Amino acid sequence: MTGDVARVEDTGEALVAEAGGVELMRYVYRPRSPAFEGSKPYAHPLRSRAGDVVTAYRPHDHRWHKGLQMTASHLSGENFWGGGSYVRERQAYVDLPNVGTMRHEEFTGPGRERLSWHTQAGEHWVDEVRELTVRDVEEGSWALDFSTAMTNVRGEVLRFGSPTTHGRPMAGYSGLFWRGPRSFTGGTVIAEGGRGGPEMMGRAAGWLAYAGWHDEVDRASTLLFMAAPGTIWFVRTTPFAAVNPSLAFSEEVELAAGATWSHRYRVVVGNGFWDRERLEDYVRGHPFDLPELPEPSEPSEPEGP
């Protein structure tokens, strides 16, 4: 059943989406983050239609975790994630002078953003076009479509990786990353194909959901993440709630100079605890048809002689 239409306001620092008197999303595109936290745009808070917050911001264990945000934990030796970098030779996270930034440049249309990625040393490596669309605002849920097209402007190949590609098992986070509220620790994971639980770590699926309970109120919320078939998931229920359709869980991905790599995701925020039947009904009723996990495009040929 269709509910309210979302209204989006640009404050000059954030896009704020509201429906039915509830602020559903605040997308902060001009963050004020310490350099060590890898300054980049983020969406926090995200709220359910019931008004419950379903994201965490700067938790004490990982202060660079900020709601829902695009990241790259290992990119040709640079860190567009925040905090320390996992170093194979040390078998540990090490604080290095390699924490980059993702800078907002401009909006070229409603929810269509142009960004640039810069290393800590000031080198310009990536141009990104990002689109955010609030849609399917219904009585008990709403959805955010998030797309990204990342173009390598470094002048040489870029290699997307993760802590797992650098030697840490089952830590393949990189890309769109959600950090859930502290009260969601120990929540329930349900995935495509009758599967679920923390054992979805490192496994492939086209969709995955996380349900958790809120403090202070007698309510739960469910987040449904939809991605391309074959997507490998980073997911944790302890010591905190986190979901990430990984760009490079266990194998590096090369992006040639001048090439573009595009991805699309949908994040659905639902009131209450959604069981498998309700999740599957929603997926059937709200098609999100994507081809298999996309490969980076070939560089375009220069025009003219």
Side-chain angles (χ1 to χ4, degrees), residues 15 27-31 33-43 64-86 96-109 111-132 145-166 172-177 227-228 231-232 234 244-249 251-265 293-302:
L15 297 181
Y27 175 73
V28 180
Y29 60 84
R30 297 193 189 277
S33 303
F36 183 66
E37 296 176 11
S39 182
K40 64 182 76 67
Y42 61 87
W64 44 94
H65 289 184
K66 296 179 173 70
L68 179 75
Q69 58 183 346
M70 188 65 189
T71 72
S73 55
H74 285 257
L75 182 61
S76 292
E78 297 295 314
N79 171 349
F80 290 88
W81 168 263
S85 298
Y86 191 82
L96 300 172
N98 70 340
V99 182
T101 61
M102 300 181 187
R103 302 177 188 171
H104 168 82
E105 298 293 344
E106 63 176 343
F107 286 108
T108 60
R112 183 179 173 88
E113 182 183 18
R114 189 171 64 84
L115 305 97
S116 59
W117 299 19
H118 298 260
T119 68
Q120 187 168 331
E123 296 180 3
H124 181 191
W125 278 14
V126 174
D127 280 340
E128 180 190 0
V129 175
R130 184 179 298 182
E131 293 192 60
L132 295 90
D145 277 3
F146 184 106
S147 69
T148 175
M150 300 166 286
T151 300
N152 178 357
V153 297
R154 183 189 183 190
E156 59 182 277
V157 68
L158 288 172
R159 293 178 176 85
F160 286 82
S162 69
T164 294
T165 67
H166 285 69
Y173 52 82
S174 187
L176 187 67
F177 187 89
T231 295
I232 306 296
F234 174 91
N244 159 230
S246 182
L247 293 176
F249 190 95
E251 296 182 2
E252 288 190 337
V253 177
E254 292 189 352
L255 184 62
T260 299
W261 198 19
S262 299
H263 290 266
R264 287 179 55 214
Y265 307 100
L293 195 62
E295 296 290 337
S297 72
E298 294 296 325
S300 58
E301 292 294 330

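Keep in mind that what you see is a predicted model, and the values were worked out from it rather than measured. Along the sequence shown, the residues carry numbers beginning at 1.
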Starting at [atom1] of [X], measure out to [atom2] of [Y] and round the result to the nearest 0.5 Å.
X	Y	atom1	atom2	value
E128	S147	CD	OG	9.0 Å
L132	E113	CG	CD	7.0 Å
L68	Y42	CG	OH	12.5 Å
I232	N244	CD1	CG	11.5 Å
N98	F80	CG	CZ	9.0 Å
E37	T101	CD	OG1	13.5 Å

[X] vs [Y] side-chain heavy atoms within contact, under 4.5 Å:
X	Y	value
L15	F107	yes
V126	L158	yes
E78	E123	no
S33	K66	yes
S162	F249	no
M102	Q69	no
S76	E156	no
M150	H263	yes

Could you pull out the closest heavy-atom pair between [X] and [Y], with the gap in Å?
X	Y	value
P245	T231	CB-CG2, 3.5 Å
V99	Q120	N-OE1, 2.9 Å
S116	D127	CB-OD1, 3.9 Å
L255	P296	CD1-CB, 3.5 Å
T71	G175	OG1-O, 2.7 Å

Within 6.0 angstrom of E105 CD, more than 12 heavy atoms from elsewhere: yes

Parallel, tilted or perpendicular: ring planes of F36 versus W64, cut at 30 and 60 degrees: perpendicular

Ring geometry between F177 and H65 (parallel below 30°, tilted from 30 to 60°, perpendicular above 60°):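 Tilted.
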
Pair R130-Y29, side-chain donor/acceptor within less than 3.5 Å: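 The answer is no; no qualifying pair exists.
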
Do any N or O atoms from the side chain of [X] and from the backbone of [Y] form a donor-acceptor pair under 3.5 angstrom?
X	Y	value
S246	G172	yes
K40	W81	yes
S174	L247	no

Pair V129-R112, side chain to side chain contact (heavy atoms under 4.5 Å, CB included): steps then yes or no: CA-CA 7 Å; V129 175; R112 183 179 173 88; 3.6 Å; yes

Steps toward side chain to side chain contact (heavy atoms under 4.5 Å, CB included) verdict (L75, W117): CA-CA 11 Å; L75 182 61; W117 299 19; 4.0 Å; yes

Residue of the set E252, E254, H74 for which side-chain hydrogen bond (donor to acceptor under 3.5 Å, both in side chains) holds with R159: E254

Residues H118, R103; criterion side chain to side chain contact (heavy atoms under 4.5 Å, CB included); working and verdict: CA-CA 8 Å; H118 298 260; R103 302 177 188 171; 3.5 Å; yes

Test side chain to side chain contact (heavy atoms under 4.5 Å, CB included) applied to T164 and F234, step by step: CA-CA 11 Å; T164 294; F234 174 91; over 6 Å; no

